[in-house]
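Okay, structure first, notes after.
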Protein chains: 2
Amino acid sequence: MTPQNKKIPRMSLERLPIYYRTLCNLADAGYLRIKSAQLGRIIHLEATTIRRDFSYFGDLGKSGYGYDIAHLIEIFGTILEVNHTQGLALIGVGNLGRALLINNFRRNPNLEIVAAYDVDPAVIGGIINEVPIQALADLEDDLKAKQIKGVISTVPSHALQEVVDQLVMFGVTSILSFAPEPVHVPESVHVRYLDLTSEVQNLLLLAELS
Amino acid sequence: MTPQNKKIPRMSLERLPIYYRTLCNLADAGYLRIKSAQLGRIIHLEATTIRRDFSYFGDLGKSGYGYDIAHLIEIFGTILEVNHTQGLALIGVGNLGRALLINNFRRNPNLEIVAAYDVDPAVIGGIINEVPIQALADLEDDLKAKQIKGVISTVPSHALQEVVDQLVMFGVTSILSFAPEPVHVPESVHVRYLDLTSEVQNLLLLAELS
DNA sequence: CATTTTTTGTTAATCAAATCACATTTACAT
DNA sequence: ATGTAAATGTGATTTGATTAACAAAAAATG
């Protein structure tokens, strides 16, 4: 987006959605401006971390004044492409998949699951929350037709790599997997793992050690 | 656990569950030993990172040989307390909560949701996967009686802080929240956030920028 | 309008994690 | 047995992120 993309730290980008959401909440509550110190208190970050993060996206604040909330929302929204709705596919409509589908990013108008797939004949053909559930075999035409770049997978570990290989072949560039097993993908494809078991074990371990 | 606890880097601890699971899979598949380089290829880490991680837990390998898988599983299992089952509580039995409950860490014998709570009279009194769903008002006696230290929360943002305050009061030390809003807790309580929207937005953002 | 206060943006310092480089140890082959 | 190849564990270095410190800029005040 900005010319010097490459140099924005990963961590600053990771915080962008949080900044965006928090600022939207503040705007909804009627606030017009905010200082880095206040925002820091809300989201538990040092003011200086926030200022540095913001600085990567331009000169957004004014000395002795703070930041204009609407302006920040405008800038961050553009970066996050909140205006252009991103169609997502869901692979795996088990209990978790169904819950995701029913929720379907209701609060986020720019994210939407538009297609769902499974291998179980019992669920194929059904419709959940207006999204039809299709056979995995239909993946190709559909992904390409709908220009889907992002996929959420609740596919279990043993079947995952095979599915992911297909996704990559059909042009998917972003995959969020709820299975812990790492999958092999080309450099250009981004995978993120959301492993509930690891998260919980870690949390308990930290508590244990402290 | 080990005497010099404090010095084990957070990141090394975070990787422990992944190591543990991967090693268990290898053992199940009949492997007896592994070298840091092989393991690195499997879980996409530099061999040297793995060796250093392992070194924090003792002299676990042998030069020119590698690591004994069973031995690693033994050691890491002890640290993760895989033998002592940890009872967890679930707060919020909506679609996501229900999915978690139905799954209930089936694959992990040491984690188990043993109690579930909600405010909705329509679900209170029900039983899902052998776990009874109780009123939030019953929290106190129950958490204390069952010595529950870890909680998974799918409580929506607006109600979260209030619930968390109670949890802390009743002795909970670890909280996994599916809502993005940061909550205030004392130093001694660990909170982890698992915000689906942020994860997906970030993933798409990374793809966008690269 | 000058002065004081506030708050930013950024350079410099610190801290933590990942990686390099290599001496040491052990296995294995001959 | 002895020598060679393989792999570990760890000081030294590099990389990346956070925090501290402060000069410059803008707002608020009298």
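Here is the naming used below: chain letters follow the sequence lines, and residue numbers restart at 1 for every chain. Values below: all heavy atoms of this structure, side chains included; hydrogens, waters and symmetry mates excluded.
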Whole-Å distance, A:Lys35 NZ to D:dA26 P, equals 18 Å
With a cut-off of less than 4.0 Å, is there a side-chain N or O of A:Arg15 near OP1 or OP2 of D:dA17? no
Minimum-distance nucleotide to B:Lys62 side chain [options: D:dA25, D:dG9, C:dA27]: C:dA27
Whole angstroms only, please: what is the CZ-C1' distance between A:Arg33 and D:dA26? 11 Å
What's B:Arg52 touching, base or sugar-phosphate or nothing? Going by heavy atoms closer than 4.0 Å. base
Taking only distance into account, with no hydrogens and no angle test, what donor-acceptor pairs under 3.5 Å do side-chain atoms of residues 170-183 of chain B form with protein atoms, sequence neighbours excluded?
from, atom 1, to, atom 2, distance (Å)
B:Ser174, OG, A:Leu203, O, 3.4
B:Ser177, OG, B:Ala179, N, 3.1
B:Ser177, OG, B:Ala179, O, 3.3

Just wondering, do A:Val189 and A:Leu167 contact through their side chains at under 4.5 Å, heavy atoms? no
Closest-nucleotide ordering on DNA chain D, the 5'-leading residue of B:Gly61 and A:Leu45: B:Gly61
From C:dT25, D:dA21, D:dA24, pick the nucleotide closest to the side chain of A:Arg51? D:dA21
Rounded distance in Å - CD (B:Glu46) to C1' (D:dA7): 15 Å
Closest to side chain of B:Ser55, choosing from C:dG9, C:dC28, D:dG9: D:dG9
Just the rounded figure in Å: distance from C1' of D:dA6 to CD of B:Gln38. 12 Å
Whole-Å distance separating the CG atom of B:Asp59 from the C1' atom of D:dA7: 13 Å
Ranking D:dT18, C:dT24, C:dA18 by distance to the side chain of B:Thr49, first place goes to C:dA18
Are the charged groups of A:Lys149 and A:Glu81 less than 4.0 angstrom apart, N to O? no
Looking at five pairs on each end of the helix from C:dC1-D:dG30 to C:dT30-D:dA1, what is the angle between the two axes, given to 10 degrees? 10°
Could you tell me whether A:Ser36 contacts a base, only the sugar-phosphate backbone, or nothing, with contacts defined as non-hydrogen atoms closer than 4.0 Å? sugar-phosphate
Any B:Glu130 side-chain heavy atom under 4.5 Å of B:Asn104 side chain: no
Side-chain donor or acceptor of A:Asn129 paired with backbone N/O of A:Val131 under 3.5 Å: no
Would you kindly give the OH-to-P distance between A:Tyr56 and C:dT10, to the nearest whole Å? 10 Å
Note, A:Leu23 side chain near A:Tyr67 side chain (heavy atom, < 4.5 Å): no
Nearest of D:dA28, C:dA17, C:dA27 to any side-chain atom of B:Met11? C:dA17
Do A:Arg21 and B:Ser198 have side-chain N/O donor and acceptor atoms under 3.5 Å apart? yes
Using a cut-off of strictly less than 4.0 Å, decide whether A:Tyr67 has a side-chain nitrogen or oxygen near OP1 or OP2 of D:dA26. no
Rounded to the nearest angstrom, tell me the gap between atom CD1 in A:Ile50 and atom P in D:dT19. 11 Å
Heavy atoms under 4.0 Å, any strand shown: does A:Phe54 hit a base, just sugar-phosphate, or nothing? nothing
For the pair made of CD in B:Glu14 and P in C:dA16, what is the distance, rounded to whole Å? 15 Å
May I ask you to say what A:Thr48 touches in the nucleic acid, namely base, sugar-phosphate or nothing, with a heavy-atom cut-off under 4.0 Å? base
N/O (side chain, B:Tyr65) to phosphate O (OP1/OP2, D:dG9) under 4.0 Å: no
Could you tell me whether the side chain of A:Ser153 reaches within less than 4.5 Å of the side chain of A:Leu160, counting heavy atoms only? yes
